[in-house]
Structures are given as structure tokens and as C-alpha cells.
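What follows is a single structure, written as C-alpha cells, with notes after it.
Each chain gets a letter, A, B and so on, in the order its sequence line appears, and its residues count up from 1.
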Amino acid sequence: MKYDHNAIETKWQQYWKENKTFKAENPGSAGVDKPKYYVLDMFPYPSGAGLHVGHPLGYIASDIYARYKRHQGFNVLHPMGYDSFGLPAEQYAIQTGQHPALTTETNIKRYREQLDKIGFSFDWSREVRTSNPDYYRWTQWIFIQLFNSWYNNDTGKAEDISILVQKFEAGGNTGINAVCDNDTEPFTADEWRNFSEEDQQKILLKYRLTYLAETEVNWCPALGTVLANDEIVNGVSERGGHPVVRKKMTQWSMRITAYAKRLLEGLDRIDWPQPLKDAQTNWIGRSEGAEVKFKVKGTAFEIPVFTTRPDTIFGVSFMTLAPEHELVREITAPEQKEAVEAYIEATAKRSERDRMADVKTISGVFTGAYAEHPFTKEPVPVWIGDYVLAGYGTGAVMAVPCGDQRDYDFAKHFDIPIPNIFKDVDISEAAYSEKNGTVIANSDFLNGLSYEEATKKAIEKLESINAGQGRINYRLRDAVFSRQRYWGEPFPVYYVNGLPQMIGVEHLPLKLPEVEKYLPTETGEPPLGNARTWAWDTEKNEVVSNDLIDHKTVFPLELNTMPGWAGSSSYFNRYMDAHNQDEFASQEALNYWKDVDLYIGGSEHATGHLLYARFWQKFLFDKGLLPVDEFAKKLINQGMILGTSTFVYRIKGSNTLISKNKIQGRETEPIHADVSLVNASDELDVEAFKEWRPEFRDAEFILEDGKYIVGREVEKMSKSKYNVVNPDDICEQYGADTLRMYEMFLGPLEQAKPWNTAGITGVHGFLKKLWKLYHSPLEGGQGDVFHVSDDPASKENLKTLHKTIKKVVEDIENFSFNTSVSSFMIAVNELTAQKCNSREVLEPLAIIISPYAPHIAEELWERLGHQGSVAFAPFPEFEEKYLVESSKEYPVSFNGKMRFKLDLPLDMSTEEMEKIVLAHEKTQEQLQGRTPKKIIIVPGKIINIVG
RNA sequence: GCCUCGGUGGCGGAAUUGGUAGACGCGCUGGAUUCAAAAUCCAGUUCUUUCGGGAGUGUGGGUUCGAUUCCCACCCGAGGUACCA
């Protein structure tokens with residue numbers, strides 16, 4: 001038979017399913033004596049639009065790697081699941097009333113069908129769905145673990161909250177080096193014991209790793225929800241364009257800041273892309289410097305500031321506070337009160353948009369108050385200005401105009417003196433912020449010192465007079481963990497007197513309640529406020545009707561749900577033991593699989609999922625629940641596949657469409673045309689186009705050479721641009737093996753590259769040629785018959801095979817899949833030319849190609865007479881001996897330019913080579929009588945003649 | 001502005017530690033087969049040329065016998081981030 005991709009692919013997909021070929025075994029089962037290898041993809045959100053050809057790119061790459069590792073004898077864990085909580089399903093529910101669970105179920109089904117057609121070697125028996133109660137039970141469980149933990153800076157890890165209570169009982173909180181809220185007051189052991197239960201709980205909340213706090217959030221009244229910064233574009237909501245205001249709300253937060261240092265330090269131990277590590281490093285934003293306390297003259301107040309340049313402390317000529325700073329109202333002089341209040345009000349009114357657009361305007365107001373310089377005791381005027389952010393550092397800066405451009409601009413604008421404390425530096429035009437080579441001057445005890453020396457000495461002095469200390473500051477903020485949404489994990493939390501209580505872990509999962517409306521309630525409560533059965537009975541330990549709430553044994557449940565990243569922060573661990581009903585995962589399974597060896601996914605998750613997941617991993621590691629504190633050893637970001645959009649051009653003000661090369665200066669409007677209406681030579685199928693866009697049925701077409709030529713542009717693949725290509729169609733027409741190889745063939749995995757269906761015929765043709773290597777044509781020309789000989793392979797055959805093995809192994813290990821597809825093509829071209837049909841070559845060839853094109857490889861493997869799947873056949877070993885050559889065709893260069901080639905034995909001496917080369921007629925021709933100055937001969941590489 | 005990645009034919013892209021630039025594929029041109037088409041096969045395809053050759057990897061310098069590769073300066077594109085003290 002001819003290469004019938006549809007029949008072959010259906011057959012083997014069915015075979016893999018029935019035989020559970022890719023089921024990974026856990027410890028205790030047969031086959032677990034093999035070394036483990038864990039290959040993971042970032043699991044998808046199942047959107048209603050289904051997959052386009054860009055989505056599976058990373059999955060194909062990881063699948064090739066997973067299959068390769070199986071051939072190498074590893075027990076490979078390669079699971080897949082769905083990040084199935086999320087906004088689109090909820091949005092759809094609001095519009096249609098359809099329960100998000102139903103929409104999600106439908107979408108997942110569609111995803112699964114599409115994924116199955118591509119022939120992935122996923123172990124579907126371990127599938128997880130974040131919206132499934134069996135799964136989110138463990139998300140809730142981790143939340144409870146966080147609630148019951150605090151971070152001990154002395155031991156450098158999270159510990160159980162009961163240890164903290166013991167410490168409070170023994171000696172209050174003053175001797176404890178814990179990560180806690182900034183406003184935590186000191187207390188003694190006696191005081192602790194005398195606090196009411198309620199007060200004790202309030203204090204503990206200041207230490208717990210997940211805690212309730214008043215947070216300033218981006219509140220969107222129209223959507224009834226809080227938005228993340230990236231959901232706001234130009235000051236309005238990305239979706240719908242509704243106004244957004246700053247609002248204080250009580251929200252759950254995650255104390256990720258406790259892990260700032262370790263999240264930074266851990267980056268050195270993992271093989272992740274540098275840009276991704278840089279993004280996390282910047283996000284965490286560590287700065288080293290000092291906290292300096294400035295006394296406010298005539299008051300008892302102190303203003304702490306954070307500075308990275310304590311060496312420039314003698315250059316301070318004013319201070320600036322954020323307008324929102326809590327001391328502003330306290331210290332403002334009566335005569336400045338009006339101006340200050342007006343400024344605060346103006347700042348609060350200014351939208352983020354204004355502030356972003358208007359970075360050049362310098363504004364601020366003098367408070368009338370003076371602080372005291374810690375060393376000189378000179379008065380330092382205190383200003384407020386909106387270039388200082390309340391949320392960073394202490395919300396106040398010591399302004400050193402000679403060393404910081406913003407301070408400089410501010411000082412110039414308001415005529416504040418700019419003392420120069422740098423030796424031999426001109427600051428008449430701009431501030432001087434260079435650290436290297438700087439010598440401090442006009443600075444008392446710091447005179448003559450370098451940046452490093454002065455910084456060290458300034459901190460020492462500040463500490464000695466109790467006016468400050470060295471400090472490390474992070475930009476990273478604690479993560480808000482509450483969302484005013486329906487389609488997310490419910491918090492396992494109920495409230496007694498307004499204080500949160502955890503539901504016992506044995507009663508999990510706390511299932512999402514049914515609601516009639518998915519919108520916020522009329523009183524502005526989150527959607528769960530619509531649920532009528534959403535109260536916790538502490539005696540029956542179950543969810544009961546709200547009517548039964550008596551605040552004695554039945555209490556209201558939390559109305560917020562968890563954010564999108566909750567379910568994805570530890571899913572990779574759950575895969576290790578996905579159906580465990582008693583534990584998150586057994587210690588045995590966790591110790592066997594340990595961590596992800598290869599993780600493939602998009603770079604857009606750099607500071608979201610990938611940072612939070614590392615945080616949870618470290619936390620669970622601290623608690624002794626996981627064996628390693630970094631979950632993924634190696635990570636690769638696959639590049640986006642872009643769409644190639646096609647355009648037709650309408651002459652302005654007419655209904656005439658003009659072919660691209662006839663435009664010539666005419667004013668036209670480009671209109672997107674569907675990519676499927678255009679062939680590989682950019683010719684439009686005019687009739688099909690008219691059919692597709694009836695408004696152009698009567699349009700006139702100006703053709704060139706009888707054809708309409710479209711314009712092309714590379715854009716993101718999207719429905720609205722009519723450039724979406726569906727993998728199902730490709731699988732139907734060319735087959736999954738062709739799709740897999742073509743996606744890899746497009747270019748390097750990490751790079752963005754445009755999709756162009758036209759090019760796929762090359763890869764499809766290659767698979768047909770591969771098939772023909774194993775078959776002979778039938779007499780009469782119809783079809784072909786399997787034909788492989790047992791004759792020994794020729795030297796040439798073996799050379800082709802082994803050079804291909806060598807290249808493909810190198811390529812897979814370097815994740816350079818595009819170049820191995822080329823190597824396969826070269827191999828098949830060569831073997832075809834050699835008329836090779838020897839089993840000795842064709843059998844190993846089927847194995848090395850099987851990670852890329854598994855269906856055809858299985859079929860050929862079976863035809864070669866094997867029982868069972870090719871998936872576990874040992875990968876052929878490369879043998880150097882087949883590649884040894886006795887001569888080399890040397891390129892002969894003149895001054896570095898290759899002019900001709902010369903075949904010489906590899907064992908020839910350089911002297912002899914030189915003689916032959918110089919005697920060569922072409923050499924004489926090139927030299928034209930000149931005498932060469934120098935002859936460079938690199939044996940086995942090149943000959944270069946200089947002169 | 002800062003950080004990161006990239007710039008090679010008409011197109012996607014190859015090129016070990018510096019050593020034959022343009023592999024492989026698409027497209028294009030010509031040919032074979034065919035009544036014709038599809039499919040398949042063969043040859044050619046960086047530019048330029050007086051057909052000897054000459055030029056050529058974003059631009060300009062540098063190191064080197066030799067640079068797509070290393071160094072310096074700059075230009076352009078993509079992504080991230082931003083009054084961060």
C-alpha cells in the first residue's frame with residue numbers, strides 16, 4: 001500500500017490507548033528499577049477556541065524528548081492536565097447562564113480530541129484538572145499549611161505556628177527574628193498570656209505565611225472585582241474599558257517576601273533561560289543599602305528612609321515623602337496645610353494613566369517641616385512629591401540632588417541647594433550617579449573615600465549613633481491571594497467574630513457552591529455571596545444553609561476564591577501520585593520522581609506562575625513535605641508560532657480590489673483575507689474569496705498576469721486576523737507525523753517564527769520517501785509492497801546511518817530539533833540514491849526517527865517483523881568506525897577566500913601537501929607570479945595561502 | 001531609559017572550539033512523464049559579471065593567515081520592565 005497516514009495514525013493511536021503504552025510506573029510496580037525522567041509541559045487553560053498550530057509546538061518538542069528518553073531506558077513521566085479554573089468560562093457563564101463546569105468540560109473534551117490526533121505519548125492516567133474537587137482539595141490543603149506556618153529568619157525556613165506560640169509564651173516576641181507585618185508591636189510573655197484569644201489570633205495573623213490584611217487594590221466597580229496590574233491598560237480595565245480606582249480591601253495575602261532571598265539564590269542552581277532568570281531577579285528587585293532615621297525637628301517623629309547610597313549622606317539637602325505617607329498630616333506646618341492637602345488630593349485624583357503619560361512634570365509641595373541631618377544636625381526641609389512611591393522602601397527618600405537625577409530635577413525646579421560631595425566632578429548640568437571611581441568630598445569623616453569604603457563607614461557610624469543600619473530591600477511585594485470571582489478554588493475558611501478559622505483538613509474538599517448568578521451581589525459582595533448554602537457547621541463539619549448561621553456553631557464561609565495561579569503552583573508534584581486519596585502525594589512517589597527534569601512552556605509565565613510555584617515548592621520543602629526546594633532542573637521557553645496574514649487591497653472609495661504589484665502609489669486599504677484562500681505562490685482563489693466575503697461578490701478585481709497576488713504580513717495568530725491554522729486540518733490532510741516534523745522544522749524551538757502551511761509539502765514528501773525506502777512498487781504501478789533485504793549494508797549505507805545517529809543524538813540533547821529534521825532528510829535522500837533496502841540500516845533508522853514521527857515508525861517497526869511498540873527499542877549506538885575517512889577534499893583559500901578544492905590523503909605530511917598545492921596549476925593562476933608569504937595548513941581542515 | 005534576545009538569498013532557516021557562507025525545505029525557472037492535470041522524477045536557483053572573475057552574513061572600525069562566529073562604536077526589530085530611592 002501507499003503511505004496512508006490516516007490509516008496508520010488511527011491504528012497506532014488506538015494501539016497506544018488500548019495497551020496503555022505510555023503509562024509511567026510508580027515505585028512498587030514493575031519497571032521502576034529504571035532511572036526516572038520527568039518531562040513536563042505547562043498545562044493549558046482549555047479555551048473555547050480550541051488549539052491552533054501554535055499551541056502544540058512545545059508539546060511536540062517535549063514529546064520528542066520524552067520518547068527519546070524512553071528509547072534510552074528511562075522510566076519517563078510525561079503527564080498532561082488542565083488549568084481549568086479561569087476567567088473566560090466565568091465570563092461566558094455571566095453572559096449565558098451556562099455553568100462554567102459544563103463549558104469547561106466541553107472545552108476539555110475538544111482539547112483532548114485535538115491532542116490525541118497529534119500522537120503525544122502522555123500518560124493520561126495521571127491527568128489533573130485544577131477545577132476538579134479531588135485536585136483542589138490539595139490546593140486548599142496547601143493553603144492551610146501556609147496558614148499554620150511562619151517564617152523563622154534564624155533557622156531560615158518556615159516552621160509550624162505552634163513553635164511560634166511556644167516562643168511567645170516563653171519570651172514574648174521581642175527576641176524573635178520572624179518575617180511579619182511592619183506594624184507588629186512588641187510584647188512580653190506576660191502580655192501574650194494576658195491577651196484575649198481574639199487578640200492572640202490577630203497577632204498570629206501578622207506572622208502566618210498566608211494572612212488577611214487590608215490591601216490597596218485596583219478595584220473595578222463595573223466588573224465588581226479586583227484587577228491585577230496587567231489587567232489594566234491605560235488606567236481602565238483591559239476587558240470592557242471600565243474605570244479602575246484604588247481601594248482598600250481585606251484580602252488574603254501570601255507572604256512570598258519571606259522567600260525573596262531564597263528565590264533569588266535558587267536561580268543560581270537551576271538551568272533556566274537567562275532572560276527568564278533576569279525577569280525574576282528584577283521582579284524580586286534586591287537592593288542593598290541602609291535605612292536612615294531622620295528626626296523631625298520639634299516633634300517626637302522619626303522618618304525612616306531607605307537609600308542605596310549611604311555614602312552620599314552629606315549630600316542630602318531635602319527629603320521627599322510620598323503624598324500618601326502616614327506622617328505627612330502629622331508634621332505639616334499650619335501655614336503649609338492648605339497647599340499640602342490640595343496636593344494630596346490632586347495626586348489621589350490623578351489616574352495612573354496621567355502619571356504614566358506625564359513623567360516629565362515635576363511636582364511637589366513643601367510641608368513646612370524640617371528634619372535633622374543625623375550627622376551635621378543641620379535642618380533638612382521635608383517635601384512631598386508624587387515621584388516617591390508609598391509602596392516601595394519606606395515611602396520616603398533622603399534626596400541627594402548631586403547624585404540622583406530625579407532629586408536633581410526636583411531641586412532645580414524648586415530652587416533647593418545642590419551641594420556637591422564628589423571630588424572633581426562637575427554637577428552644573430546633571431547629577432552624577434556613577435559609583436565606580438567616585439571619591440567623596442565635603443563629607444566630614446567620609447572625605448577621600450571610595451563608594452565602597454564610604455558606604456561601609458557611613459553604615460558603621462549610623463549604627464553607632466543609633467540613627468540607622470545596613471538593610472537589604474526588596475521590590476517584591478506580598479501576593480494578594482483573594483479574587484472576587486466564582487470560578488476558582490474556595491478558601492477552606494469560615495469566620496468566627498470576623499476572625500478566620502481553617503476547616504479541618506479531613507473535611508476537605510470544600511466544594512464550590514451553586515449560585516444562580518455569577519455576578520457580584522447587589523451589596524458588592526463576591527459572587528459566592530449569591531450562594532444560599534454557604535455556611536460551615538462546626539459540629540456536623542459540613543456546608544449548610546446560610547439560614548442556620550448562628551455564630552455559635554454555624555458560621556459564614558469565605559466569599560472570595562483563589563487566584564488563577566493557586567492551582568498551578570504545585571500541580572507538577574501531584575502528577576507524581578495523582579490519585580492518592582490520603583495524601584497530596586506519597587513520600588515514596590515524591591522521593592522517586594523528585595523534580596521535573598525538563599519543563600517546557602511560554603516565557604509569559606516568568607514572574608507569575610514560575611515565581612509562585614518556586615515559592616510554594618520552597619515552603620513545602622521547609623515543612624519536610626517535598627524532597628527538593630526547586631521543582632524544575634531545566635526549563636525551556638518555546639517561541640511563539642506567528643500567523644502569516646494575507647491581505648487584499650481595496651482602492652479607497654471603490655469596490656475594486658487590486659493585485660499587490662499593481663498598486664503603485666494608489667491609495668488602498670488592506671483587508672484581511674483568510675489564509676486558506678491563498679496558495680503557496682500568494683495567488684488568491686478569487687471565486688472562493690467572493691464566496692467567503694459576500695460583500696465582495698460584485699467587486700472588481702484588477703489582476704496581474706491573470707492572477708490576484710495578495711500581500712503578506714506576519715502577525716500573532718488570531719481569529720480576528722483570519723490567519724489561524726487548525727492542527728486537525730493538517731493532521732487530516734498530511735498526518736500528525738508531518739505536522740510534528742514540520743513544526744520542529746520551522747526553526748529553533750526558542751525562537752518566534754511564522755507559520756506557513758505552504759512549506760509543509762516538503763516534510764510530507766520526506767515521509768513518503770522514507771516509506772518508499774522500505775517498499776517496492778507493485779507491478780502495474782498501483783501501490784507498493786513491503787520489501788527489506790537481509791543482505792549486509794554497504795559501507796556507504798552505514799556511513800549515512802551513523803552520521804545521522806551522531807547528529808540526531810547531539811541535536812536532541814541540545815534541543816535543536818529543526819536541524820535533526822534536516823539530517824533525516826539528508827539521510828533519506830542519500831539512502832534513496834544508494835538504493836539501500838538493507839535491514840541492518842532501515843531497522844535502526846526506524847528507531848531514531850520514531851520520537852519525531854512515531855506513527856510511521858511504529859508501522860515500519862511492525863512490518864520489520866517486531867512485536868509490540870517501537871517506543872522502548874534501545875536507541876542505536878553511534879559507532880565512529882563507520883565515519884573514518886582516508887582522504888579529505890581540502891578547501892584551498894587565498895587570503896582567506898576559498899578558490900578551489902583539492903583531494904588529499906589525511907595522513908599526508910604538511911610538507912608534502914604544501915609541495916602539491918604550490919605546484920597546482922590553479923595555485924599558479926591565483927598567484928599570478930607572486931611568491932606566497934606564508935602557507936597555513938591545518939590538517940583535516942583547511943589550506944590557506946597568503947600573499 | 002534600563003534589561004534580554006535577535007538581524008544571513010524571494011521566504012523559513014543551516015554553518016562543531018574562528019577554518020569551504022547559504023545545508024535542508026518552500027518558492028521560482030527549465031526539462032522528463034501525461035491527451036491534460038495531480039503526483040513523481042531530473043537539472044538549475046545569493047548578487048553581479050566583459051563568463052577570467054569580483055562582491056557578499058544590519059552599518060562602521062578592530063584583532064587574526066583566516067571573522068556569520070571574538071572585541072569596540074552605532075543602526076534597526078522583538079519581548080520584558082519602569083518615577084524602585
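- B/rA14: no Watson-Crick or G-U partner with both key distances under 3.5 Å is found in any strand.
- Under the Watson-Crick and G-U wobble criteria, each requiring two contacts below 3.5 Å, nucleotide B/rA37 is left unpaired.
- At a threshold of 4.5 Å between non-hydrogen side-chain atoms, the residues A/Lys660 and A/Phe647 do not count as touching.
- When each of B/rG54, B/rA39, B/rC3 is scored by its nearest atom to the side-chain atoms of A/Arg899, the top-ranked nucleotide is B/rG54.
- In this structure, A/Ala399 reaches neither bases nor backbone, as no heavy-atom distance under 4.0 Å exists between it and the strands shown.
- Among the protein residues, A/Asn829 comes within range of the sugar-phosphate backbone only, with heavy atoms under 4.0 Å from sugar or phosphate atoms but none that close to a base.
- Base pairing of B/rC83: no nucleotide in any strand meets the Watson-Crick or G-U wobble criterion (both distances under 3.5 Å).
- In the set B/rC65, B/rG19, B/rA85, B/rA85 carries the atom at the smallest distance from any side-chain atom of A/Thr308.
- Tested against A/Thr923, the residues A/Ile935, A/Ile945, A/Leu902 include a single side-chain contact (heavy atoms from CB on, under 4.5 Å) partner, A/Ile945.
- Distances were taken from every side-chain heavy atom of A/Lys768 (C-beta onward) to each of B/rU40, B/rC3, B/rU81; the shortest belongs to B/rU40.
- With respect to A/Glu288 and A/Arg286, a salt bridge is recorded, a charged nitrogen being found less than 4.0 Å from a carboxylate O.
- Across all strands shown, B/rU29 forms a Watson-Crick or G-U wobble pair, both distances under 3.5 Å, with B/rA43.
- Comparing atom distances between the A/Lys888 side chain and each of B/rG25, B/rC3, B/rU20 picks out B/rU20 as nearest.
- Summarising the base pairing, B/rU63 is matched to no nucleotide, lacking a Watson-Crick or G-U wobble pair whose two defining distances lie under 3.5 Å.
- Remark: A/Arg712 is not in phosphate contact with B/rG12, judged by side-chain N or O atoms under 4.0 Å from OP1 or OP2.
- Along RNA chain B, the nucleotide nearest to A/Lys897 and the one nearest to A/Glu889 differ in position, and the one closer to the 5' end is contacted by A/Glu889.
- Using a 4.0 Å heavy-atom cutoff across all strands shown, A/Lys769 reaches sugar-phosphate atoms only and no base atom.
- The side chain of A/Arg475 has B/rU81 as its nearest neighbour among B/rU20, B/rU81, B/rC24.
- A/Pro748 comes within contact range of the sugar-phosphate backbone alone, with a heavy-atom separation under 4.0 Å but no base atom that close.
- Dashed line: the shortest gap from a side-chain N or O of A/Asn818 to OP1 or OP2 of B/rC24 is not under 4.0 Å.
- For A/Lys941 against B/rU17, a side-chain-to-base donor-acceptor contact under 3.5 Å is present.
- Sparse packing is recorded around CE of A/Met640, with 12 or fewer heavy atoms of other residues, nucleotides or ligands lying under 6.0 Å away.
- The side chain of A/Met898 approaches B/rU20 more closely than any other nucleotide in the set B/rU20, B/rC24, B/rG12.
- The distance from the CD1 atom of A/Ile916 to the CG atom of A/Leu918 is 10.5 Å, given to the nearest 0.5 Å.
- Computed from coordinates, the A/Leu746 CG to B/rG25 P distance equals 15 Å when rounded to whole Å.
- Shown here, B/rA21 forms no base pair; nothing in the strands shown gives a Watson-Crick or G-U wobble contact with both key distances under 3.5 Å.
- Taking the syn range as angles within 90° of 0, the glycosidic angle of B/rG9 is syn.
- Nucleic acid contact for A/Ser893: none, since no nucleic acid atom lies under 4.0 Å from a heavy atom of the residue.
- Searching all strands for a Watson-Crick or G-U wobble partner of B/rC5 with both distances below 3.5 Å returns B/rG77.
- Ring centroids of A/Phe314 and A/His373 are separated by less than 6.0 Å, placing the two rings close together.
- A syn base is found at B/rG52: its glycosidic angle is within 90° of 0.
- Separating the CZ atom of A/Phe766 from the C1' atom of B/rG25 is a distance of 12 Å, rounded to the nearest angstrom.
- Of the candidate nucleotides B/rU20, B/rC3, B/rC83, B/rU20 has the atom nearest to the side chain of A/Ile942.
- Nearest-nucleotide assignment on RNA chain B puts the 5′-proximal partner with A/Lys772, out of A/Gly395 and A/Lys772.
- Of the candidates B/rG80, B/rA23, B/rG12, B/rA23 carries the atom nearest the A/Ile826 side chain, counting heavy atoms from C-beta on.
- Residue contacts shown for A/Thr761 are limited to sugar-phosphate atoms, with no base heavy atom under 4.0 Å away.
- A/Asn756 comes within 4.0 angstrom of nothing in the nucleic acid, heavy atoms only.
- You'll find the ring centres of A/Phe318 and A/Phe414 outside the 6.0 Å limit.
- Residue A/Trp283 has its side chain nearest to B/rU81 when only B/rC65, B/rU81, B/rU20 are considered.
- Note on A/Arg406: a side-chain N or O is less than 4.0 Å away from OP1 or OP2 of B/rC84.
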